Amino acid sequence: MSSAVAPGAVIEVRHPLVLHKLGLLRDRHTNTEMFRRLVNELTLLLTYEATKDLATEQVEIETPLGPTTAQRISGKKVAICPILRAGMGMLDGVLSLITGARVGFIGLYRDEETLEPVEYYVKLPQDIAQRDVILLDPMLATGRSTGAAVATVRGAGASSIRLIALIAAPEGIAYIQEQHPEVKIVVASVDERLNEKGYIVPGLGDAGDRLYGTK
Ligand code: URA
């Protein structure tokens, strides 16, 4: 795994476990149950990478054999914000590693005329301005909905923002870097391109449909 999560940086995690699971995830023959499990496992692995610069402090503890020092995460608490609906498939993966995190929800749909994202539901932790925010969106495609979600958490006062996505298109990354250069992006793959319908190629299809079996 690479070694920095600087603002504006994109980290493409090339760990063998990630590559293997991503291949299974992309496969059109992978069923809903397996797809869900893979999204969860991949999110766990990406969370490991996305949180590697969280501050730690030294504390004194006692093992059964005597006193020693240990590291404990210090600094800001975490707020995890899945973008509905596909981001929900990633939530448990992060929560299983950051058990004390608070969760915010951001619901967006695409207006079929303007093609712009429209917010229909937002519920964020009250103290989000004091937290490290991790946005979850499996597919960073055009970047419009992710960008709107970033604007929402920024509007609520958040200043430390990370995005975990499974697959990104170069177009989506460029959009986020231009509009929100402070966001740190961690992905399993940067794919080739978007097609004319806004799907990532080769991608994995519609992440929400594959997670919830709606197609
Ligand atoms: N959303 C998806 O679910 N898949 C894509 O390829 C693009 C956006």
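Remember, predicted model here, so these are calculated numbers, not experimental data. Both counts, for ligands and for their atoms, begin at 1 and track the order of listing.
Contact check on Lys197 versus Asp206 returns no salt bridge, with no Lys/Arg side-chain nitrogen under 4.0 Å from an Asp/Glu carboxylate oxygen. The residues Arg36 and Glu33 are annotated as not salt-bridged, no charged nitrogen and carboxylate oxygen being separated by less than 4.0 angstrom. Here Arg102 does not pair with Asp127 in a salt bridge; the nearest charged N to carboxylate O distance is not below 4.0 Å.
When heavy-atom distances to ligand 1 are checked against a 4.0 Å cut-off, Ala141 comes that close only through its side chain, counted from C-beta outward.
Taking atom 1 (N) of ligand 1 as the reference point, the nearest protein heavy-atom neighbour is Met139 CB, 3.7 Å. For atom 6 (O) of ligand 1, the nearest protein heavy atom (residue, atom name, distance) is Ile200 N, 2.8 Å. Of the protein's heavy atoms, Ala207 N, 2.7 Å lies nearest to atom 3 (O) of ligand 1.
Under a 4.0 Å heavy-atom criterion, Gly205 is in contact with ligand 1. Assignment of Gly203 to the shell around ligand 1 is not supported, since no heavy atom sits closer than 4.0 Å.
Close approach to Gly198 involves these atoms of ligand 1, each under 4.0 Å from a residue heavy atom: 7 (C).
The CG atom of Leu140 sits 11.0 Å away from atom CG of Leu166, with the distance rounded to the nearest 0.5 Å. The distance from atom CG of Leu25 to atom CZ of Arg210, rounded to the nearest 0.5 Å, is 6.5 Å.
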Worked verdict on Thr214 versus Arg85 for side-chain hydrogen bond (donor to acceptor under 3.5 Å, both in side chains): CA-CA 12 Å; Thr214 40; Arg85 78 183 153 150; 3.1 Å; yes
